[in-house]
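Position 1 is the first residue of the sequence, and the numbers go up from there.
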Amino acid sequence: MDADHTNPGGCTVSRTNTVVARSSHVSVVIDYDTGTTELRPTSDAVTAMGATVVSLPDTVPTWGTVEQSTVPPEPGPIPMGWRIAAVPVVLATAVTWAAGKHHERFSRLIRLACLGRDLPPATLSQARYAVRAVRWAAQLLPMRWACLEDSTAAALLLTVTRRRAEWRHGVALDPVRLHAWIAGPDGAPVEEPADTALYTPTYTPDGPGSARATRGVRP
């Protein structure tokens, strides 16, 4: 594997910046510089390509029929200070997404999400307020706003408050799908549906690969 280096955003990345998320029958190859994703049969050639390898647990086939609630959850409280701080953070995230080369959007947002990697970890309450505030502020944006933008803005909002966000990007199987979210101090997804627990992290503020052991929360 190529030697690691640290980019200007503060995230430790491999020179290829590619992750192979591998199960027994399929591998998902994710290029975190371009956002390109490929499905390949699992083989020695795929796992020896010089990328970070993350093992995916094999799942019982459901053919995408996992039950979901049709009733949206009631929004939790959002202190006014978090609402006010979220507005410029959401705008900054939107500008970062829109500015520059199209094929670099993915990597730009990831660098933004990783800016606070050396800060003290956020508490669960802080993470919840950040996610809720960002979703509240992003409601009227005239642009695509999905899980990557949502989680990046929440991570940036926590960075503004001088806290580390446990940002995650990961893969789930059956069907193969990608998702980005914020995790709490115990590693559990924050303000996310229950099936987010099915995703295996493939990139975190510490770089490509599985999530490290949970860091202790400082007051």
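A single hydrophobic cluster is not seen to contain both Val95 and Val134; linkage of ILVMFWY side chains at heavy-atom distances under 4.5 Å, directly or through other members, places them apart. Two different hydrophobic clusters hold Tyr199 and Val53 under the rule that ILVMFWY side chains link at heavy-atom gaps under 4.5 Å. Ile84 and Val160 are assigned to two separate hydrophobic clusters, defined by single-linkage of ILVMFWY side chains at heavy-atom distances under 4.5 Å. Both Val87 and Val90 are part of a single hydrophobic cluster, where members link through side-chain heavy atoms under 4.5 Å apart. Cluster membership check: Leu115 shares its hydrophobic cluster with Phe106, using side-chain heavy-atom separations under 4.5 Å among Ile, Leu, Val, Met, Phe, Trp and Tyr.
Heavy atoms only, all atoms of each residue included: Gln126 and Ala122 are closest at OE1-CA, 3.4 Å. Taking each heavy atom of Ala154 and Ile182 in turn, the nearest pair found is CB-CG1, 3.9 Å. Across all their heavy atoms, Pro205 and Ala165 have their closest contact at CG-O, 3.4 Å. The two atoms that bring Ala86 and Ala133 nearest to each other are CB-O, 3.5 Å, heavy atoms only. Nearest approach of Pro208 to Val19, heavy atoms of both residues: CB-CG2, 3.5 Å. When every heavy atom of Thr152 is checked against every heavy atom of Leu109, the shortest pair comes out as CG2-O, 3.3 Å.
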Item checked: Verdict with supporting geometry, Arg40 and Val29, side chain to side chain contact (heavy atoms under 4.5 Å, CB included) -> CA-CA 8 Å; Arg40 302 184 187 180; Val29 182; 4.1 Å; yes

Margin query: Go through it in stages, so that I can follow the logic: the residues are Trp167 and Arg117, the test is side chain to side chain contact (heavy atoms under 4.5 Å, CB included), and I'd like the CA-CA distance, side-chain angles, deciding distance and then a yes or no.
Written below: CA-CA 9 Å; Trp167 179 83; Arg117 73 177 296 262; over 6 Å; no

Notebook entry, point to check: Can you list the steps and then say if Trp97 with Leu148 is a side chain to side chain contact (heavy atoms under 4.5 Å, CB included)?
Noted result: CA-CA 10 Å; Trp97 178 88; Leu148 180 59; over 6 Å; no

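Using modelled atom types, no side-chain atom of Ser23 and backbone atom of Pro57 make a donor-acceptor pair closer than 3.5 Å. Checked by atom type and distance alone, the side chain of Arg168 never pairs as donor or acceptor with a backbone atom of Ala180 at under 3.5 Å. Side-chain atoms of Arg128 never come within 3.5 Å of backbone atoms of Pro77 as a donor-acceptor pair (strictly under, hydrogens ignored). Formation of a donor-acceptor pair under 3.5 Å by the Arg22 side chain with backbone atoms of Val20 is not found in this model.
Val28 is listed as a side-chain neighbour of Leu39, based on a closest heavy-atom distance under 4.5 Å. With contacts defined as side-chain heavy-atom distances shorter than 4.5 Å, the pair Thr204/Glu166 does not qualify. Counting heavy atoms from C-beta on, the side chains of Trp136 and Arg83 come closer than 4.5 Å. Trp181 is not listed as a side-chain neighbour of Pro193, based on a closest heavy-atom distance of 4.5 Å or more. Side-chain atoms of Ile30 and Tyr203, non-hydrogen and from C-beta on, never get closer than 4.5 Å to each other. Residues Trp145 and Arg135 have side chains not in contact (no heavy-atom distance under 4.5 Å, counting atoms from C-beta outward). Counting heavy atoms from C-beta outward, Thr202 and Tyr32 have side chains that approach closer than 4.5 Å. With contacts defined as side-chain heavy-atom distances shorter than 4.5 Å, the pair Pro120/Arg163 qualifies.
Rounded to the nearest 0.5 Å, atoms CD (Glu191) and CG (Leu124) are 8.5 Å apart. One distance of note links OG1 of Thr96 with CZ of Arg105; it measures 11.5 Å at 0.5 Å rounding. Atom OH in Tyr129 sits 12.5 Å away from atom CG in Leu158 (nearest 0.5 Å). The distance from atom CG of Asp174 to atom CG of Leu198, rounded to the nearest 0.5 Å, is 9.5 Å. Expressed to the nearest 0.5 Å, how far OG1 of Thr196 lies from NE2 of His179 amounts to 4.0 Å. Here the CG atom belonging to Asp118 is positioned 10.5 Å from the OG1 atom belonging to Thr159, to the nearest 0.5 angstrom.
For CE of Met80, the number of neighbouring non-hydrogen atoms (other residues, nucleotides, ligands) closer than 6.0 Å is 12 at most.
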